[in-house]
Protein chains: 2
Amino acid sequence: MGQGVAMTKWVYSFGGGRAEGRADMRRLLGGKGANLAEMASLGLPVPPGFTITTEVCAYFYAHDRSYPPGLREEVAAALAAVEELTGMRFGDPQRPLLVSVRSGAPVSMPGMMDTVLNLGLNDETVEGLARASGDRRFAYDSYRRFIQMYGDVVLGVDHYLFEDALEELKRERGCRFDTELDAIALERLVATYKEIVHKARGEPFPQDPQEQLWGAIAAVFASWMVPRAVTYRRLHDISSDMGTAVNVQAMVFGNMGDDCATGVAFTRNPSTGAREYYGEFLINAQGEDVVAGIRTPHPLTEAMARANGRPGTSMEVLMPETFAELARVFERLERHYRDMQDVEFTVQKKKLYLLQTRTGKRTAQAALRIAVEMAHEGLISREEAILRVDPASLDQLLHPTLDPRAQHEVIARGLPASPGAVSGRVVFDADSAEKRAQMGEPVILVRIETSPDDIHGMHAARGILTSRGGMTSHAAVVARGMGKPCVCGAADIAISYAERQFTAGRQVVREGDVITIDGGTGHVMLGEVPTVEPQLSAEFATLMEWADGVRRLRVRTNAETAPDARTAVRFGAEGIGLCRTEHMFFQEDRIVAMREMILADDAQGRRRALAKILPMQRQDFVELFEIMEDRPVTIRLLDPPLHEFLPFEEEEIVAVARSAGVDPKVLRRRLAELEEANPMLGLRGCRLGIVYPEIYEMQARAIFEAVLEVRERRGRAPVPEVMIPLVATARELELVRERIDAVAAAVREERGTSFDYLVGTMIELPRAALRADEIAAHAAFFSFGTNDLTQMTLGLSRDDAGKFLDAYLKAGIFERDPFQTLDRAGVGELVRMAASRGRAARPGLKLGICGEHGGDPASIAFCEEVGLDYVSCSPWRVPIARLAAAQAALRRQRACRPEAVSTS
Amino acid sequence: MGQGVAMTKWVYSFGGGRAEGRADMRRLLGGKGANLAEMASLGLPVPPGFTITTEVCAYFYAHDRSYPPGLREEVAAALAAVEELTGMRFGDPQRPLLVSVRSGAPVSMPGMMDTVLNLGLNDETVEGLARASGDRRFAYDSYRRFIQMYGDVVLGVDHYLFEDALEELKRERGCRFDTELDAIALERLVATYKEIVHKARGEPFPQDPQEQLWGAIAAVFASWMVPRAVTYRRLHDISSDMGTAVNVQAMVFGNMGDDCATGVAFTRNPSTGAREYYGEFLINAQGEDVVAGIRTPHPLTEAMARANGRPGTSMEVLMPETFAELARVFERLERHYRDMQDVEFTVQKKKLYLLQTRTGKRTAQAALRIAVEMAHEGLISREEAILRVDPASLDQLLHPTLDPRAQHEVIARGLPASPGAVSGRVVFDADSAEKRAQMGEPVILVRIETSPDDIHGMHAARGILTSRGGMTSHAAVVARGMGKPCVCGAADIAISYAERQFTAGRQVVREGDVITIDGGTGHVMLGEVPTVEPQLSAEFATLMEWADGVRRLRVRTNAETAPDARTAVRFGAEGIGLCRTEHMFFQEDRIVAMREMILADDAQGRRRALAKILPMQRQDFVELFEIMEDRPVTIRLLDPPLHEFLPFEEEEIVAVARSAGVDPKVLRRRLAELEEANPMLGLRGCRLGIVYPEIYEMQARAIFEAVLEVRERRGRAPVPEVMIPLVATARELELVRERIDAVAAAVREERGTSFDYLVGTMIELPRAALRADEIAAHAAFFSFGTNDLTQMTLGLSRDDAGKFLDAYLKAGIFERDPFQTLDRAGVGELVRMAASRGRAARPGLKLGICGEHGGDPASIAFCEEVGLDYVSCSPWRVPIARLAAAQAALRRQRACRPEAVSTS
């Protein structure tokens, strides 16, 4: 081991226009260290310093918190190099070199030790600093700041002790601000601080700069494992093996007079994406003062200053040369990094120093604009622009959001189930929602959980709030399908239907009260909070067009209503991948006939009732075909168990029985007969079609007659894709298909004309995936119903998983909610198997996915890898899917052509 | 094709001590034809004839019901051979050859055309027959029988027309019996019959013997596709491609005088298996007379005649020489076929003719005795004896059955869910069952369906009857586990709990009324029907011993109570494969603490309640370990969702809340919280162990403390196998296992002593099967929970499938109920995959199965093929599993060593 260790380089120096590290050594040097090295190599003005690598951190934890042999020598040599470059010496009483010590992990991570400034000061060097700077107050202010910072983060002395002493002194001196304390007062404060440390630690504050330095280094490494950091990593899926680096860098001072300053800046506007410098600065201040908020920082540019109504306060006006130099640095950084940068800088006696650069965080809107504009500018390729935008973030652009300037109080939190912010009056049932909405009142439907019976209320409501259910509960799925804001599983609200109210903590909210929900954050607020409407920018259209140019996967939508279909087409859907015909049966006029069918004693009675539904169902399809024009439309025949169409509450049972002209006893008996222990695994899907063939026959007839009607009107016939749900065996599909073919033959015969159609199936049971070869013999297409496939493969009910899903995510059992992002290792293997077995048996078999996963970027990437033909998702997620599909295609191409990765 | 057809041999002759066919040509010649050929070759007295092959049948259906070229020539040649051997000629007015024409498929199959006798008779030949036999009455009786048979089965003339004419004639003549009609009357009857045919068909009865022959041949082939035959094949899983053969054979007559006879016989007693001839005969009769029941047949042997109280009536006494010849034939046939034979014979003028032999059907008891005795006799090997007994039939031997002599009326039919016949008073709830049983009354628990709440009532009852649920409903599974008779899903009874009665048709049965149920047939009878207790014979023990000697699979049992464990050990169980700990929680004293745990607000409250259960649970394990001695015991930790332990009816909720000292509101709230849309896919199995770790900790502690307690008493410690249910991911198992290991470490520490245990898992989710390699890293064993694996893989709830399972079986979607016999193509592939992936990751991984399939012979064969280590089944099925495992091992060996197949 000795030899291996001896050969490892533990410390990387930077400064003076050179560096041993590079930006792409982030894993070894951390983000901060890698970028400092890169900037130094670029010749940008970076105070010299060095980075102790993350490998030292790994060694530290693997060897009982000790350092590798050779480290001390390497640190000493690197420090000497800094002394050389600065012309100062660490611990030198005359010209003392002071350093900052900062942590820097490969990924940005709050919770760890951040920074110790002014390290190297002691009772001797402080005098040297006073002399060298000619400012005794500055020197003692730096010293007391150092003792406080070091005492707090390295020695673990309670920071209140320091703050109390400072307040005490100010009171004594009659000062309001720290800045009013003079050098003498600060010198006394230093003495008090040292006593505080001595008392708390039982030993004096370390005077030896080497001891200070190694103390700070150890503190950085130790902070990697503090609970907050560990928790953060767990929540963000960051490996603990990664470790942190330590950056030691010569101090520069923005607080040595009015020719000094410090600031932070973005090279473009991170909020809008506009190509304008964006940032703030403070004259005669240290970095921490900008953050602390004691003094209000000024804008960087005069345009911003004018916009704020304070012309003449900008850096552009006050420090024109430095500003010009900074602007050149910004241009240089953007050209070099080919992305918008977030920069920290300090001006010491007119000289500009860069302390940090990193890729700047930005809003979805800004990301979009920056990506498109940078491509236009030739800074990045179109492909890179496509890869730069997080598809999931597009959701923000498509829905209203809370006005960021509005005050609001959150009374409860739930899951952000369907994005968008909206206000309305609270109602507790679907009928009230409909009634109030018809009177023009905006309403929020509040339910413990929703069921298909609530659909009309969900349509009427502006938003939905539930106290139970996960991201993929009925409420969440339906709301997302409708593009309607929804907060679900808000466990801290208690709903009483009887009292027509809900409580959130001590807050009681009654029916008719106004609340606001934000489905993007899961927040529930009292009263009306103003919202901002989304504007789809030109850049959005451009990026989508580029994305469409590179993606291979087709993007369809899950839609059964005309408004949904229109929305989807507007968002670029290329067809319908899932039209759930049962949703058509819940409408007022149809559910009566539907119930009549369910209550019928025999096939004849069922046929009579179905005959009433036929013309309505046909009209539905005519409308959809006309909206979708030549795009393919996949129609899934009836899927849910029949009891979903029957009432459950006694009152409603009596009413329904009366309107159906049967004894409530008959209805109750039928309800009891239809009751199921596990409806998800019961009489549904093609099982219905096999037990009650007349249902699918009616549906097939409605489809084929609609095809002919549309052909008459448009002159061109749509080619419907008839999809059979819940197939477990080839024989089921064969049987149902025979009946559909018979209906088609009958319609052809009656009309004396022909038409085309496809029959295919959902693959949503593990058995269907396993026997995909046999099933493919009878199917023109497969559509993976990954919602149900996930439920069956994991033995996990979407509706019930909410109770323990969170515990499972926390325990690391699931990396992600398997109903949101496809479980590649389990469900994914079945999808792969079914795709390859299906295609082996029937080359050219069309493959798609129509579960919730069809709108999830990570799952779309999987669909691309497996080679599906299309994904289908709710209308509002179509743009997300288009972008995600494009990214997946690009990543796949790059994986196949590695030489393409590094070029643009 | 012409050439191929020309080379095919369509007709096989037999007779005169030679035959072109053999017994092993059953596929080509049908069972009857193959055996006739075999007997002819053996030199046994078989009337000569020929067989038209099943290939002609296939050709017939493939070529629009026409015959292959060359067939007519081959038939003519074969017929000429028969003429040669008999010295008679077909259609010859002087010495007419008459033939029978019979169907004969490769498997015995009712519903098809059976027989036409006396073919070849016409107005001319009948006179020849009269002359040749010297019996004009006999000749005309034969002719009128022929016209009736041929008219009915070949020409499709309604047989009532013939019967009416016969009755009319008898009335006219004042006769009671056919036999009273003289030759003249019969001649007139023939004329009338011919008129009937002419009128019905529009053409005269065919006089040409050739036309008669080809008409009968066509009728046999056509009968292969009549609806009854098609239905029968579908129900018995017989391929329609098989086809039937046609047997044409010279007639012999048992009705030509008192030196003639006809009879049927078994070479051993088919009811008891005793080595004694068993059969009946009639003097001066044709075969159909024996069946028709007009005359009472006499026994073959004098022993039987004496037993019937009619000494001197036996064939042994009345026809001693023929009997002796027959006995020699029997011996010859048994030696040749090496199995008990079912023989038809005719004696024509003292000459014995054999018309058919086939393997005789027998009762389970007889099968067992015959197999063992034949092995003792050296007729077959022990291995063959093992293969001769249908394992499923053993169930009959282990349970009481209805006394076959008792009269009874079936008032309803359900599924034969758990074998055994039993009587008792009807009760409608578990508490009443318990109360009445404690007072010594035998009761039958009658429920719409049962739930775990009914367990104590099921224990108390002698039998269970439900109106809903399939072969694998709760009632069925639990009853089979208890070895208790159960009829379930008796849809034609309507239970009213409110009125304390059920109706079956118009029959009303009130609480307290006595009924009898037969769980072997699914019949429900009013009143007490006498039953017969089973006797386990010495042959049973012998066969089991032989089976144990050849099987590779171990047989364990599913048991958690001491009585069950004892029963299982008595039946030869080699361990417990599944101890369902939750069954232990339903007992009166425990469910209170269990509910307290569920209602607790926090982990501490749960721990308090669990502490009360701990000593009881430990005692359970101590008892099981002591009964099982050194056999392995696999203990599954808590599996069902917690709501199964809570009451559901309002009344009970109030009572339980009161006894738990909480507000009923609290209980209702908790119930609402625990309610699940699909409990099968909800918070159960290891999910409980992860959300509430204290439950599994208590159970692990109870197990380990029990191990130490038993070691103290017995001096040897059992090695428990702790089994974690419903694992979907390796991480779940890892987490739970860590906690169990921690409990073990704690117990070792406390007691200052060590002990061994294994931790393994159920494989019951498709995902677990797919990720078996990862899961095996944490598991010492896998037990396939194929009940749940079937539910998940097929998306099919055991509790709900009953509603459409029957339709699915009828439509040929499922060949068998997948909950009874493992679905090899779907679930089986997952089992294979998991077994091979698991063993690849962890060589020596122990594999077992503990679903219902563990007691199903076909599924056990699959387990043998896949190489599992053991199967586990309910105690009463242990003998079945032992035998099935032995058969599976033998079949597998034979498949590997094909040379062993033909030798004994």
Side-chain angles (χ1 to χ4, degrees), chain A residues 448-449 468 474 641 672-685 687-688 690-691 726 728-732 734-735 764-771 774 788-801 803-804 807-808 811-814 818 823 825-827 829-830 833, chain B residues 448-449 468 474 641 672-685 687-688 690-691 726 728-732 734-735 764-771 774 788-801 803-804 807-808 811-814 818 823 825-827 829-830 833:
Chain A
I448 295 170
E449 52 193 347
R468 203 190 283 164
H474 178 267
E673 281 169 9
L674 290 174
E675 204 186 320
E676 296 186 309
N678 293 285
M680 189 55 63
L681 309 174
L683 180 49
R684 48 174 290 241
R687 295 164 192 172
L688 285 172
I690 285 165
V691 176
L726 213 74
T729 68
R731 177 80 182 129
E732 288 170 304
E734 188 187 10
L735 272 179
E764 50 188 338
L765 297 177
R767 194 184 193 284
L770 292 164
R771 310 308 297 171
E774 292 167 11
D788 278 8
L789 192 58
T790 300
Q791 296 198 93
M792 309 301 173
T793 307
L794 275 67
L796 192 64
S797 160
R798 265 204 323 181
D799 296 329
D800 303 314
K803 283 170 196 153
F804 55 92
Y808 262 51
I813 294 168
F814 294 149
D823 159 40
V827 179
E829 181 169 355
L830 288 176
M833 202 182 276
Chain B
I448 295 171
E449 55 195 344
R468 202 189 285 164
H474 178 268
E673 281 169 10
L674 290 174
E675 204 188 320
E676 295 185 309
N678 293 285
M680 189 55 63
L681 309 174
L683 180 50
R684 48 175 290 241
R687 295 165 191 170
L688 285 172
I690 285 166
V691 176
L726 213 74
T729 68
R731 177 80 181 127
E732 287 169 305
E734 188 186 12
L735 272 178
E764 50 188 339
L765 298 177
R767 195 185 192 283
L770 293 164
R771 310 309 297 171
E774 293 167 10
D788 278 8
L789 193 58
T790 300
Q791 296 199 91
M792 309 299 172
T793 306
L794 275 67
L796 193 64
S797 161
R798 265 204 322 180
D799 296 330
D800 303 313
K803 283 169 196 154
F804 54 94
Y808 262 50
I813 295 167
F814 293 148
D823 159 40
V827 179
E829 181 169 356
L830 287 176
M833 202 182 275

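Heavy atoms of A/Glu673 lying under 4.5 Å from chain B belong exclusively to its backbone. If you measure heavy-atom distances from A/Ala672 to chain B, the contacts under 4.5 Å come from both the backbone and the side chain. Only the side chain of B/Arg468 comes within less than 4.5 Å of a heavy atom in chain A; its backbone stays farther off. Proximity to chain B is absent for every atom of A/Asp788, based on heavy atoms less than 4.5 angstrom apart. Both the backbone and the side chain of B/Ile813 come within contact range of chain A, each with at least one heavy atom under 4.5 Å from a heavy atom of that chain. Residue A/Glu774: no heavy atom, backbone or side chain, is found under 4.5 Å from chain B. When heavy atoms are compared at a cutoff of 4.5 Å, A/Ala801 does not approach chain B at all. Contacts between A/Leu735 and chain B at a heavy-atom distance below 4.5 Å involve the side chain alone, from C-beta outward.
When each of B/Leu683, B/Leu674, B/Val691 is scored by its heavy-atom pairs under 4.5 Å with chain A, the top score falls to B/Leu683. Listed options A/Leu765, A/Leu796, A/Leu681 were ranked by heavy-atom pairs under 4.5 angstrom with chain B; first place goes to A/Leu681. Top candidate by heavy-atom pairs under 4.5 Å with chain A, chosen from B/Gly795, B/Gly682, B/Ala769, B/Ala768, is B/Gly795. With respect to chain B, the highest number of heavy-atom pairs below 4.5 Å among A/Leu770, A/Ile448, A/Ile690 belongs to A/Leu770. Chosen from B/Ala825, B/Ala811, B/Gly685, B/Ala730, the residue pairing most often with chain A at heavy-atom distances under 4.5 Å is B/Ala825. Contacts with chain A were tallied for B/Gly826, B/Pro766, B/Pro679; B/Pro766 has the most, counting heavy-atom pairs under 4.5 Å. Contact count versus chain A (heavy atoms, under 4.5 Å) is highest, among B/Glu675, B/Arg684, B/Arg687, for B/Arg687. In terms of heavy-atom pairs under 4.5 Å with chain B, the best-connected choice from A/Arg731, A/Arg767, A/Glu734 is A/Arg767. Among A/Ala677, A/Gly812, A/Ala728, the residue making the largest number of heavy-atom pairs under 4.5 Å with chain B is A/Ala677. Highest contact tally toward chain A, considering only B/Leu794, B/Leu830, B/Thr729, is held by B/Leu794 [criterion: heavy-atom pairs under 4.5 Å].
Checking side-chain atoms of B/Asn678 against main-chain N and O of A/Met680 turns up a donor-acceptor pair under 3.5 Å.
A/Arg771 places a side-chain heavy atom less than 4.5 Å from the side chain of B/Glu829.
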Inset, instruction - In sequence, state the C-alpha distance, the side-chain angles, and the governing distance for A/Glu732 and B/Tyr808, and then conclude on side-chain contact (heavy atoms from CB on, under 4.5 Å). - result: CA-CA 9 Å; A/Glu732 288 170 304; B/Tyr808 262 50; 2.4 Å; yes

